[in-house]
Amino acid sequence: MPVEGYLLGTHRDVPKVVPQLTALSNTAFAEYDGAMPVEDAFTRWYLKRPGSRPELCPAALYEGKLVANVLVAIEDLYLGGDLLRCGIVDTVATHPDHRKHGLARALMDDAHRLMQEAGAEAAVLYTNPDGHPYRFYQRLGYLPQAMGAALSCRRPAGQPTRKVDEATAAEEGAVRALLDDYYRGCGGYAPMVEDLWRWHRRERPVEMPIQLAVVRSAAGLPVAALALAEVELLLEGNPVPASVMSDFACAPGEDPQECLQALLSAAPTEEVLAIVDVTSPEHALLQGLGAQTAVREASLALPFTDRAHEALASTSRHWYFMIESLVGV
């Protein structure tokens, strides 16, 4: 759908896409609590996300400047207990000076077409349920899947009852298997295949370190794990150092509350943020540690095929909120 005065295309048509997308993201999301100010190193890394290619990402240009954007990555996700090829949508951003021209609608229509041409059976995205975008996506046909909460808590004080270490390179396979077992069948979870793990864990910019903390059994095997990314988030317009936790997993037979409390004690900052399904065990565990809801988030999905319709209508476990699409870490 053309929009008068704008050139609609993909990232292939954007000159110097990295600095342009960095500038647009920082401008478009500056008003949102929980957003993360980004630099070019982050954008360069994020554009290498597995399943994402320049020709999949719609963009709008005005006088050669990027003014609206949609990022798309194609991954296998669990929906309704089945693995389906899905398009993951994020960084839907329009420069404040160019809003109310229909750019978001035009780019989302293009994104849906490009996803289907790439074999996606559904699209998945995240947004705040209390804002205009939530209603906008529903008008496009997106169906609410789960309600999540951005929970904020303090790093646990005192000596943990379980010893916590940083995972070694040799243990990464065991941690990936632990995560896949823990989240298998959860809506929105992408199995930790090698290229996704490598991008998410090993190839990150040095400005955005991540720590993979583990609790080991008496035999020395990882039985609980947690990723902790040290970032700065915007809270009431000011950057605040925080540790964003993700991918908590605990083996059967272990005490998840004890393990989570121990793992969070390794957080590099006092402020800890997590985004989880409000019906999930992790939500209850975090509340047990005094976590409070800071912002709400919702997951939505748009089915393209009959198989996807059926999957979304079937019962599954709780939803896995994909932290890389929500916060960017």
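For this chain, numbers begin at 1 and follow the sequence in order.
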Does the gap between the ring centers of H309 and F304 come in under 6.0 Å? no

Tell me whether V193 is reachable from L77 by hopping between hydrophobic residues (I, L, V, M, F, W, Y) whose side-chain heavy atoms are closer than 4.5 Å. yes

Applying the 4.5 Å side-chain criterion to the ILVMFWY set and letting contacts propagate, would L263 and L178 be lumped into a single cluster? no

Heavy-atom count check: over 12 atoms from other residues, nucleotides or ligands less than 6.0 Å from Y134 OH? yes

side-chain contact (heavy atoms from CB on, under 4.5 Å) with Q292: which residues, sequence neighbours excluded? none

Answer yes when R105 and D109 have at least one side-chain N-carboxylate O distance shorter than 4.0 Å, and no when they do not. yes

Qualifying salt bridge (Lys or Arg N to Asp or Glu O under 4.0 Å) pairs, either residue in residues 199-212, two or more places apart: E172-R202, E194-R202, R198-E203, R201-D247

When W319, Y182, Y320 are each screened for ring-ring contact (aromatic ring centres under 6.0 Å, His included) with Y189, the one that passes is Y320

Checking E121 against T305: is there a side-chain donor and acceptor pair closer than 3.5 Å? yes

Give a yes or no on whether the ring-centroid distance for Y142 and H112 is below 6.0 angstrom. yes

Check step by step if salt bridge (charged side-chain N to carboxylate O under 4.0 Å, His left out) holds for R162 and E254. CA-CA 11 Å; R162 298 290 296 269; E254 297 292 330; 3.0 Å; yes

Start with the C-alpha distance between T269 and E230, add both sets of side-chain angles, then the distance that settles side-chain hydrogen bond (donor to acceptor under 3.5 Å, both in side chains), and finish with yes or no. CA-CA 7 Å; T269 64; E230 186 177 356; over 6 Å; no

Counting heavy atoms not belonging to R99, are there more than 12 under 6.0 Å from its CZ? yes

Exercise: identify the closest heavy-atom pair between L264 and R155: O-CG, 3.4 Å

With sequence neighbours left out, the residues meeting side-chain contact (heavy atoms from CB on, under 4.5 Å) with S325 are Y46, R49, I88, D90, Y126, M322

Would D40 and T22 count as a side-chain hydrogen bond (donor to acceptor under 3.5 Å, both in side chains) if you check the C-alpha gap in whole Å, the side-chain angles of each, and the deciding distance to 0.1 Å? CA-CA 6 Å; D40 286 351; T22 298; 2.9 Å; yes

